[in-house]
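Here is the structure we will look at, set down as structure tokens.
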Amino acid sequence: SQQGEEDPQALSIQEGENATMNCSYKTSINNLQWYRQNSGRGLVHLILIRSNEREKHSGRLRVTLDTSKKSSSLLITASRAADTASYFCATPGDDYKLSFGAGTTVTVRA
Amino acid sequence: KAGVTQTPRYLIKTRGQQVTLSCSPISGHRSVSWYQQTPGQGLQFLFEYFSETQRNKGNFPGRFSGRQFSNSRSEMNVSTLELGDSALYLCASTTGTGHSPLHFGNGTRLTVT
């Protein structure tokens, strides 16, 4: 079963715009991770935010975490065509198991 | 460092056959996890190995098995293939301590006909 659920399922934006996607999860966590997957490829780790952190930045990425609402958001600023991909949130569940959400597919139009 | 390497990249098999997929983790990583990715079910956890021991297993039938060798390389095997086993199989490695991020290979695309 999936721990995290992303919203929206799909997003289409113009190059240069910002893209925001959300992740909700069910149980307590000690960290939440975001990954990107380009079509037909493996996942690439983007950012990890710990449960005692509220916000984290990495380049054009900004992640927030609200443990009281069991939710996280990923913001990509000034999007580029290369940002076209699927984005997944992931939470550590049972020992050594990372559970992934269904993902948000982002399309950046030139 | 070289990334996670999965072989083969593509595979076509017939129902009833068996298949073995291989994964070489990043040097120094002792944990290897396997995931199945399908359009309908998303990313589903198969199992995780650390120092040749399976530490966790997902909800898959016994036809799915794996192992890890002393050099941390891992293989997974699927016997008596079914059409529903068609998927992208992803391997990921990590140090295995704490909840460090996973490093994924590009997967093996298995098609069962």
Side-chain angles (χ1 to χ4, degrees), chain A residues 1-10 21 23-53 56 58 61 63 65 72 74 85-105, chain B residues 3-7 9-10 21 23-26 29-51 53-60 66 68 87-111:
Chain A
S1 61
Q2 292 169 340
Q3 157 79 307
E5 294 294 334
E6 288 91 344
D7 170 62
Q9 288 186 343
M21 58 211 86
C23 168
S24 59
Y25 56 92
K26 298 171 186 172
T27 60
S28 296
I29 56 171
N30 56 33
N31 73 71
L32 185 143
Q33 303 173 32
W34 285 91
Y35 289 79
R36 183 190 73 229
Q37 183 180 34
N38 292 92
S39 181
R41 315 276 290 182
L43 282 75
V44 174
H45 177 258
L46 295 175
I47 199 164
L48 180 152
I49 186 166
R50 301 187 191 284
S51 59
N52 61 355
E53 297 175 307
K56 200 163 183 180
S58 177
L61 305 179
V63 167
L65 179 64
S72 174
L74 170 66
S86 292
Y87 293 82
F88 298 87
C89 66
T91 52
D94 295 339
D95 288 345
Y96 317 112
K97 172 183 171 182
L98 201 60
S99 296
F100 289 84
T104 293
T105 300
Chain B
V4 176
T5 303
Q6 290 189 246
T7 56
R9 186 78 176 90
Y10 300 95
L21 312 181
C23 173
S24 294
I26 290 173
H29 285 187
R30 295 166 64 189
S31 166
V32 173
S33 299
W34 288 89
Y35 287 82
Q36 180 196 66
Q37 186 177 31
T38 59
Q41 297 297 315
L43 280 151
Q44 300 289 319
F45 173 78
L46 280 157
F47 25 66
E48 189 263 356
Y49 288 88
F50 180 83
S51 293
T53 299
Q54 186 182 88
R55 296 196 296 189
N56 202 352
K57 188 178 190 305
N59 295 324
F60 278 83
Q68 187 181 34
L88 181 66
Y89 290 88
L90 292 163
C91 161
S93 75
T94 184
T95 56
T97 57
H99 293 291
S100 48
L102 298 180
H103 298 262
F104 282 84
N106 282 324
T108 294
R109 171 74 64 185
L110 172 65
T111 302

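Proteins come first, then strands; the chains are lettered A, B, ... in the order of their sequence lines, and each starts at number 1.
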What part of B:Y35 gets closer than 4.5 Å to chain A, counting heavy atoms only: side chain, backbone, both or neither? side chain
Side chain, backbone, both or neither: which part of B:Q6 has a non-hydrogen atom closer than 4.5 Å to chain A? neither
Are more than 12 heavy atoms from other residues, nucleotides or ligands located less than 6.0 Å from atom CD of A:Q9? no
Are any non-hydrogen side-chain atoms of A:Q37 and B:L90 less than 4.5 angstrom apart? yes
How long is the straight-line distance from OH of A:Y35 back to CG of B:L43, given to the nearest 0.5 Å? 10.5 Å
Would you find more than 12 non-hydrogen atoms of other residues, nucleotides or ligands less than 6.0 Å from B:R55 atom CZ? yes
Spacing of A:L98 atom CG and B:N56 atom CG [to the nearest 0.5 Å]: 11.5 Å
Residue pair A:Q33 / B:S100: nearest heavy atoms and the distance that separates them: NE2-O, 4.5 Å
If one checks every heavy atom of A:L48 against chain B at 4.5 Å, the contacting part turns out to be side chain
Based on non-hydrogen pairs under 4.5 Å, which of B:Q37, B:R9, B:R109 is most in contact with chain A? B:Q37
Between A:N38, A:V44, A:N30, the one whose heavy-atom pairs under 4.5 Å with chain B are most numerous: A:N30
